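For clarity, every value in this text was computed on a predicted model and none was experimentally measured.
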Amino acid sequence: MPAYSDAPLPVELDALVGMGMNRVKLAMVVALTQHGGTLSTPDLVAALDGKVAGTTIVRNLHELEDHGYVNGDPPRGDRRRRLTRWTLNHAKLHADLRALIQATTPTAESPHASG
């Protein structure tokens with residue numbers, strides 16, 4: 001049986017794999033947007049009403065950062081015992097979501113396009 005990670009995927013959609021589309025990541029992206037696009041880790045925990053453990057939030061932030069959806073300040077190597085502020089990369093997220101829409105929109109040439 002082939003591994004899940006080996007599923008063929010158009011290259012322009014590969015970054016969305018990092019988004020993961022799980023509830024925590026989606027909630028974090030929405031919370032960042034609702035609070036001006038930038039929050040510290042404790043502020044993000046509070047924005048999610050304390051319903052998600054800080055360690056879970058940080059793990060998901062690192063995954064999002066690895067794929068360019070958020071940027072941390074200070075940079076990853078300089079964060080030890082320092083407050084990190086996370087900024088959502090709206091342009092990256094929107095571009096990747098547009099690529100998903102484009103890849104899943106039937107065209108006139110599609111065998112299943114309705115018309």
Side-chain angles (χ1 to χ4, degrees):
M1 179 186 228
Y4 175 77
S5 62
D6 291 340
L9 187 65
V11 69
E12 64 272 13
L13 300 181
D14 192 54
L16 279 171
V17 174
M19 179 62 185
M21 297 297 183
N22 69 43
R23 293 183 74 85
V24 172
K25 287 185 181 107
L26 290 173
M28 290 173 12
V29 167
V30 170
L32 283 165
T33 300
Q34 291 174 338
H35 292 86
T38 302
L39 287 171
S40 67
T41 306
D43 289 339
L44 192 49
V45 171
L48 297 177
D49 299 325
K51 293 181 179 179
V52 181
T55 54
T56 299
I57 289 173
V58 169
R59 179 175 36 84
N60 281 276
L61 283 165
H62 287 166
E63 289 175 18
L64 290 172
E65 183 180 36
D66 289 344
H67 293 279
Y69 293 114
V70 298
N71 298 309
D73 181 33
R76 191 175 277 184
D78 299 332
R79 292 186 191 149
R80 187 164 176 82
R81 300 188 188 272
R82 294 183 65 197
L83 183 66
T84 302
R85 296 198 50 79
W86 300 95
T87 301
L88 180 63
N89 184 343
H90 293 94
K92 167 81 170 142
L93 177 60
H94 292 182
D96 288 351
L97 291 174
R98 278 192 297 276
L100 177 61
I101 290 167
Q102 184 175 10
T104 58
T105 301
T107 64
E109 297 83 34
S110 298
H112 295 75
S114 58

Linking I/L/V/M/F/W/Y whenever any side-chain heavy atoms sit under 4.5 Å apart, do Val30 and Leu100 land together? no

**Prompt:** Does Leu44 share a hydrophobic cluster with Val29, counting links as ILVMFWY side-chain heavy atoms below 4.5 Å and allowing steps through other members?
**Reply:** yes

- Side chains of Thr84 and Leu61: closer than 4.5 Å at any heavy-atom pair? no

Spacing of [X] atom [atom1] and [Y] atom [atom2] [to the nearest 0.5 Å]:
X	Y	atom1	atom2	value
Asn71	Thr38	CG	OG1	9.0 Å
Leu26	Arg23	CG	CZ	8.5 Å
Leu97	Leu93	CG	CG	4.5 Å
Leu88	Gln34	CG	CD	11.5 Å

If you take all heavy atoms of [X] and [Y], which pair is closest and at what distance?
X	Y	value
Asp96	Tyr69	OD2-OH, 2.6 Å
Glu63	His67	O-CD2, 3.1 Å
Ala47	His35	CB-CE1, 3.7 Å
Leu48	Ala31	CD2-CB, 4.0 Å
Trp86	Leu32	O-CD2, 3.5 Å
Leu83	Pro74	O-CD, 3.4 Å

Sorted by chain and number, sequence neighbours left out, side-chain contact (heavy atoms from CB on, under 4.5 Å) with Asp66 holds for Arg76

Across all chains, not counting sequence neighbours, the side-chain contact (heavy atoms from CB on, under 4.5 Å) partners of Val24 are Asn22, Met28, Val52, Thr56, Asn60

Taking it one step at a time, do Thr87 and Asp73 satisfy side-chain contact (heavy atoms from CB on, under 4.5 Å)?
CA-CA 8 Å; Thr87 301; Asp73 181 33; over 6 Å; no

Output, in order, the C-alpha distance, side-chain angles, deciding distance and verdict of side-chain contact (heavy atoms from CB on, under 4.5 Å) for Arg59 and Thr55. CA-CA 6 Å; Arg59 179 175 36 84; Thr55 54; over 6 Å; no

